[in-house]
There are 2 protein chains.
Amino acid sequence: MFYTIGEMAQKLNVAPSTLRYYDKEGLLPFVERSSGGIRMFKDEDMDWLRMLGCLKKAGMPLKEIRTFMDWSRQGDTTIGQRLDLIEKQRQSVLDQQKQLEDTLLMLDYKRWYYQTAQEAGTCAVHDAMPLDQIPERFRPLKEEWKKEQ
Amino acid sequence: MFYTIGEMAQKLNVAPSTLRYYDKEGLLPFVERSSGGIRMFKDEDMDWLRMLGCLKKAGMPLKEIRTFMDWSRQGDTTIGQRLDLIEKQRQSVLDQQKQLEDTLLMLDYKRWYYQTAQEAGTCAVHDAMPLDQIPERFRPLKEEWKKEQ
DNA sequence: ATACAACTTAAAGCCAACTTTAAGTCAAGC
DNA sequence: GCTTGACTTAAAGTTGGCTTTAAGTTGTAT
């Protein structure tokens, strides 16, 4: 079962031009062509494209993804390198998760800040607010800010 | 207590040119100048710059951050808009967290895949591996892939 | 056989977010 | 007062990741 670039793009929810760009960048060396030169995607190509999407969402640049692809094509001698790259990226995802948690706490604080301000009709309500009226979870946040200055 | 752009950049671990760029883009309208035109950062400027860094790490484009900055300067009439923006960004962070979890599962699977292949000396070890030798947590992942094709 | 949508390429264009360059100014130490 | 390093601006350059354009080809439906 084969798919044209348009069909595959629809399945993956990307533009056909994106897939052509990936191909040009050497990320899709496995894609076959018809006698007339039309790209023919197979079901199994999805696996790699899904992986590619995941790595991209993990913040890996296309160049590195291409390196990974190249190693995969070189066979079993590159297993170690591929494992290293995966572990590096795994660590990067863990770091990003930690970062997002910090960001979420900050956004939760700001949300509370503006909800309170909205009820009061003014941000001035926060000017002289005693510490014990600030929800507990936000207190370390304010402390940390002071400390770092 | 004032800091030059170089000192502030060091504190925030960014390049001075980045802070100048942010200033040019209207993200730092509060920064004072010496009589000679040198930027003089105050301790309290850190708060906004830290927030800016957080929003950036949450994937908010500089244009939107500037909008937020502009609203802040307009006073209490824009509290609602600011709250909406914060909530929108909060949702975006929640979505990103979900995305990173999926990506982490995929990376964990790949890590196991290459660790196993490394021990066996070849990726071929996975070709005919029965489902019950694949760690449980990765099985739904493989099922899902099949389904989507 | 012809029309027509979807495919092909190479090259140029675009956007965000910086970074670099060039030419000049400021200010602290000698 | 002079040197020197850090600052100033405007403008141009860079990078990554596409998207668009232009000119042409393929393949399916009638």
Side-chain angles (χ1 to χ4, degrees), chain A residues 1-42 45 48-49 51-70 89 92 96 99 103, chain B residues 1-42 45 48-49 51-70 89 92 96 99 103:
Chain A
M1 185 58 180
F2 288 106
Y3 309 95
T4 67
I5 199 169
E7 287 161 349
M8 201 59 171
Q10 206 159 28
K11 267 171 170 274
L12 294 164
N13 208 26
V14 299
S17 61
T18 306
L19 292 181
R20 288 197 193 98
Y21 171 68
Y22 290 168
D23 195 9
K24 203 178 65 181
E25 294 299 303
L27 272 68
L28 316 177
F30 46 77
V31 175
E32 296 179 34
R33 301 288 187 123
S34 75
S35 57
I38 306 281
R39 288 180 188 82
M40 295 162 69
F41 289 80
K42 300 177 295 297
D45 298 345
W48 168 249
L49 281 163
M51 165 114 181
L52 197 160
C54 256
L55 294 176
K56 234 169 50 69
K57 279 171 197 155
M60 190 185 278
L62 295 187
K63 261 186 196 171
E64 246 170 89
I65 299 180
R66 190 202 152 135
T67 301
F68 188 84
M69 177 82 243
D70 290 347
Q89 200 57 32
S92 153
Q96 285 178 69
Q99 179 56 62
T103 301
Chain B
M1 184 57 181
F2 289 105
Y3 309 96
T4 67
I5 199 168
E7 288 161 348
M8 201 58 172
Q10 207 158 28
K11 267 172 171 269
L12 295 165
N13 207 28
V14 298
S17 60
T18 306
L19 292 181
R20 288 197 194 98
Y21 171 67
Y22 289 168
D23 196 8
K24 204 179 64 178
E25 294 299 303
L27 272 67
L28 316 177
F30 47 78
V31 175
E32 295 179 33
R33 302 287 188 122
S34 76
S35 58
I38 306 280
R39 288 181 189 81
M40 296 161 69
F41 289 80
K42 300 176 295 298
D45 297 344
W48 169 248
L49 281 163
M51 164 113 182
L52 197 159
C54 257
L55 294 176
K56 234 169 52 67
K57 279 171 198 154
M60 192 185 276
L62 296 186
K63 262 187 195 170
E64 248 170 88
I65 299 180
R66 191 203 151 134
T67 300
F68 187 85
M69 178 81 244
D70 290 346
Q89 201 57 33
S92 153
Q96 285 178 68
Q99 179 58 60
T103 301

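Quick note on labels: first sequence line is chain A, next is B, and so on, each numbered from 1. Note that this is a predicted model, so its numbers are computed, not measured.
- Put simply, the side chain of A/I65 does not reach to within 4.5 Å of the side chain of A/Y22, judged on heavy atoms.
- Computed from coordinates, the A/E7 CD to C/dC7 P distance equals 7 Å when rounded to whole Å.
- Within the structure, every side-chain polar atom (N or O) of A/T4 is placed at least 4.0 Å from both OP1 and OP2 of C/dA6.
- A salt bridge does not link B/R20 with B/D23: none of the charged nitrogens is closer than 4.0 Å to a carboxylate oxygen.
- One can place CD1 of A/I5 at 9 Å from C1' of C/dT8, the figure rounded to the nearest angstrom.
- Residues A/R39 and A/L19 are not in side-chain contact: their nearest non-hydrogen atoms beyond the backbone lie 4.5 Å or more apart.
- Using a 4.0 Å cut-off on heavy atoms, none of the residues of residues 52-65 of chain A approach DNA chain C.
- Here the closest non-hydrogen pair linking B/A15 and B/A9 is C-CB, 4.0 Å.
- Using a 4.5 Å heavy-atom threshold, the side chains of B/I5 and B/V31 count as separate.
- Taken to the nearest 0.5 Å, the CD atom of A/E25 stands 8.0 Å off from the CZ atom of A/R66.
- The structure places OG1 of B/T103 at 10.5 Å from CE of A/M51, a figure rounded to the nearest 0.5 Å.
- Rounded to an integer number of Å, the gap from CE of B/M8 to C1' of D/dT8 is 19 Å.
- Shortest non-hydrogen contact noted between A/T4 and A/E7 is N-OE1, 2.9 Å.
- Between B/Y3 atom OH and C/dA27 atom P there is a gap of 19 Å when expressed in whole angstrom units.
- Contacts between residues 14-29 of chain B and DNA chain C, defined by a heavy-atom separation under 4.0 Å, are made by B/A15, B/S17, B/T18, B/Y21, B/Y22.
- Spacing between atom CZ of A/F41 and atom C1' of C/dC7 amounts to 12 Å, rounded to whole angstrom units.
- Less than 4.0 Å separates DNA chain C from at least one heavy atom of each of the following residues of residues 32-39 of chain A: A/R33, A/G37, A/I38, A/R39.
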In sequence, state the C-alpha distance, the side-chain angles, and the governing distance for A/Q10 and A/Y3, and then conclude on side-chain contact (heavy atoms from CB on, under 4.5 Å). CA-CA 10 Å; A/Q10 206 159 28; A/Y3 309 95; over 6 Å; no
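- Summarising the geometry, atom CD1 belonging to A/I38 is positioned 13.5 Å from atom CZ belonging to A/F2; distances are rounded to the nearest 0.5 Å.
- Here the shortest heavy-atom pairing between B/L62 and B/Y21 reads CD1-CE2, 3.5 Å.
- The interatomic distance linking A/Q10 (CD) with C/dA6 (C1') rounds to 13 Å, in whole Å.
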